[in-house]
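Below is one structure; the comments refer to it alone.
Small disclaimer: the values here were computed from a predicted structure and weren't measured. Just the heavy atoms: all of them, side chains too, but no hydrogens, waters or symmetry mates, feed the values below. Below, chains carry the letters A, B, ... as their sequence lines are ordered, and counting in each starts from 1.
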There are 2 protein chains.
Amino acid sequence: MNTRDKIINIADKFFYEKGFENTSFADIAANLNISRGNFYHHFKTKDEILDEVIKQRLKNTQNMVDNWDLENENPAARLKTFVKILIRNQSKIMEFGCPVGTLCTELSKLNHKAQNDANELFILFQTWMVRQFNQIEIYENANKHAMHLLMRTQGMAVIANAFRDENFVQTEVDNACSWIDEIIEKEGKNVRNLS
Amino acid sequence: MNTRDKIINIADKFFYEKGFENTSFADIAANLNISRGNFYHHFKTKDEILDEVIKQRLKNTQNMVDNWDLENENPAARLKTFVKILIRNQSKIMEFGCPVGTLCTELSKLNHKAQNDANELFILFQTWMVRQFNQIEIYENANKHAMHLLMRTQGMAVIANAFRDENFVQTEVDNACSWIDEIIEKEGKNVRNLS
DNA sequence: GCAAAATTAGGACAATTGTCCTAATAATCA
DNA sequence: TGATTATTAGGACAATTGTCCTAATTTTGC
């Protein structure tokens, strides 16, 4: 891997674990055993690194949801796979929160110009979930349901991070999965796309 | 108001709006027209200011929920008053997120020693909500329900902050209020404390 | 194998950070 | 009033920040 990509990867990790503002060039340089001056050849500013980190996250996230489409037979299972991300990444989320939510929250406080770019990560999930609801012919409330699931996962991540309670996460993931079943039972129409 | 209290108040505001790390002594001093060196007489460290800010928030929050107890006739109305904080503080929450959630999130990334103190703000709400559920003789699931409502308000705040969508907030507050009604209808027993 | 380009190291830079000192001023109380 | 205490201003301090320069080194392409 070239130095540029190494910088992006470590920055991605540190921005998540320590926060953007609280991660310095020195932190990244020390971790990669490169000199601080070396950065300027690859990135003109720290903000430019952030831009690339967000771009990479967007790409990785898109790949992830694309795989969810392939790996699951129906929209219900896909939506549950989304919710269960809280279980799969449980330890990291309990330690550092949601990578998307905490970044957006921080950039909002910093009034940072990359706010909109970071929000695209949310919008990616939102758009993908709307499509899942549409596939079972839920159209009118598709966006509301997508936002609701987005809201729940963010709430779970914040509380999981503060309380560090595994049982809470499991309970709320189960709740959210039940909610998905209920909504589909009530509003879902396209039976071919249901299990 | 004395200088010490002025410092705490402005720090409280700035820690919320700009974040703890991103608020400097210089910011506070400039806003109060006092010299930077003056701080040391009142607080030995920045962390000490944070401690006082959290103490003040705990006191104010306790007063707030105490008033909710007096102003509402039954637990259902009280719990809804809690949820509707998202409406009452809508513009601030859309701009800066939830004061409790964003502080806990930031302190977690900073691995700051005041994490547990900040979490007490969450616990205050949790404890208060458990008491509301207990009053209508919901005991077994009281804590799960309290955590659920805490989770929902945090999720709403994160999404409201990122999307800045008033309709979303209104819709989800309504959803949460409906959820309260449903739970009470299913599990509530003490009819004297119901409307 | 040599010239051009890409990459890196090392450090200078001005600005800002939290902390802490000293001296001046204001308030308090006998 | 005069002495003591509380409060404040102003700046020093070492450390750290992001930025940017130059010179050395490595890689690349002919």
Side-chain angles (χ1 to χ4, degrees), chain A residues 1-56 102-103 106-115 117-118, chain B residues 1-56 102-103 106-115 117-118:
Chain A
M1 196 188 306
N2 62 35
T3 302
R4 187 188 148 90
D5 289 339
K6 279 187 199 163
I7 292 174
I8 296 173
N9 278 345
I10 292 288
D12 189 351
K13 176 183 158 76
F14 280 178
F15 290 175
Y16 175 39
E17 297 182 356
K18 296 160 53 92
F20 170 69
E21 182 84 352
N22 194 41
T23 298
S24 69
F25 280 70
D27 290 329
I28 301 172
N31 197 283
L32 293 179
N33 278 318
I34 62 174
S35 70
R36 245 171 59 242
N38 192 356
F39 279 92
Y40 194 65
H41 182 258
H42 299 285
F43 303 97
K44 274 200 273 293
T45 64
K46 191 181 172 186
D47 289 346
E48 224 169 77
I49 303 182
L50 177 61
D51 291 341
E52 292 306 309
V53 166
I54 293 174
K55 266 189 202 165
Q56 177 170 293
T102 56
L103 180 63
E106 182 181 5
L107 296 183
S108 168
K109 301 249 176 200
L110 298 176
N111 207 8
H112 196 285
K113 61 171 185 256
Q115 275 177 85
D117 295 329
Chain B
M1 195 189 303
N2 62 33
T3 303
R4 187 188 149 89
D5 290 340
K6 279 187 198 165
I7 291 174
I8 295 173
N9 278 344
I10 291 288
D12 190 350
K13 176 183 158 76
F14 280 178
F15 290 175
Y16 176 38
E17 297 182 355
K18 297 160 52 94
F20 169 70
E21 182 85 352
N22 194 42
T23 298
S24 69
F25 281 69
D27 291 330
I28 300 173
N31 197 285
L32 293 179
N33 277 318
I34 62 173
S35 71
R36 251 180 44 246
N38 193 357
F39 279 92
Y40 193 66
H41 182 259
H42 298 284
F43 304 96
K44 274 200 271 295
T45 64
K46 191 181 172 186
D47 289 346
E48 224 170 77
I49 303 182
L50 176 61
D51 291 340
E52 291 305 310
V53 166
I54 292 173
K55 266 188 202 164
Q56 177 169 294
T102 57
L103 180 64
E106 182 180 4
L107 295 183
S108 169
K109 302 248 175 199
L110 298 176
N111 208 7
H112 196 285
K113 62 172 183 253
Q115 275 177 86
D117 295 328

Where is the tightest heavy-atom contact between [X] and [Y], given as atom of each residue plus distance?
| X | Y | result |
| --- | --- | --- |
| A:Gly19 | A:Glu106 | CA-OE1, 3.5 Å |
| B:Leu103 | B:Ala118 | CD2-CB, 4.0 Å |
| B:Phe25 | B:Lys46 | CE1-CB, 3.4 Å |
| A:Asp5 | A:Asn2 | N-OD1, 2.8 Å |
| A:Ala11 | A:Val53 | CB-CG2, 3.9 Å |
| B:Lys6 | B:Met1 | CE-O, 3.3 Å |

Problem - Salt bridge flag under 4.0 Å for residues A:Glu21 and A:Lys109 - result: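 Looking at A:Glu21 and A:Lys109, the cut-off is not met.
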Rounded to the Å, how far apart are [X] [atom1] and [N] [atom2]?
| X | N | atom1 | atom2 | answer |
| --- | --- | --- | --- | --- |
| A:Asp5 | C:dT7 | CG | P | 11 Å |
| A:Asn33 | C:dG10 | CG | P | 11 Å |
| B:Lys18 | C:dT16 | NZ | P | 12 Å |

Exercise for the section: Please check if atom NZ in A:Lys13 has more than 12 non-hydrogen atoms from other residues, nucleotides or ligands closer than 6.0 Å. Expected result: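 Count not over threshold, so no.
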Problem - Options C:dA9, C:dG18, D:dA9, nucleotide nearest the side-chain atoms of A:Ile34 - result: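 That would be C:dA9.
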Problem - B:Ser35 side-chain N/O to D:dG11 phosphate OP1/OP2 under 4.0 Å - result: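 Checking B:Ser35 against D:dG11: no side-chain N or O falls below 4.0 Å of OP1 or OP2.
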Problem - Side-chain N or O of A:Thr3 closer than 4.0 Å to phosphate OP1/OP2 of C:dT8 - result: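 Yes, A:Thr3 has a side-chain N/O under 4.0 Å of OP1/OP2 on C:dT8.
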Grab the N/O contacts between the protein and nucleotides 22-25 of chain C below 3.5 Å, and write none if there aren't any.
none

Exercise for the section: Test side-chain contact (heavy atoms from CB on, under 4.5 Å) on A:Asp47 and A:His112 and set out the steps. Expected result: CA-CA 9 Å; A:Asp47 289 346; A:His112 196 285; 2.8 Å; yes
Practice task
Answer with yes or no whether the side chains of B:Gln56 and B:Asn9 bring together a donor and an acceptor at under 3.5 Å.
Solution key: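 Yes, because at least one side-chain N or O of B:Asn9 sits under 3.5 Å from a partner of the opposite role on B:Gln56.
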Exercise for the section: Report yes or no: is there a donor-acceptor pair, N or O only, under 3.5 Å between the side chain of A:Arg36 and the base of D:dG18? Expected result: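 Result: at least one qualifying N/O pair found.
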Handout entry: Strand contacts (DNA chain D) in residues 19-28 of chain B, 4.0 angstrom heavy-atom criterion
Key =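 Per residue number, the list is empty: none.
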Problem - Donor-acceptor pair, side chain of B:Asp27 and main chain of B:Ser24, under 3.5 angstrom - result: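 Flag set: sc B:Asp27 to bb B:Ser24 pair under 3.5 Å.
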Exercise for the section: May I ask you to list the residues of residues 38-55 of chain A, by number, that have any heavy atom positioned under 4.0 Å from an atom of DNA chain C? Expected result: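 Close to the strand are A:Asn38, A:His41, A:His42.
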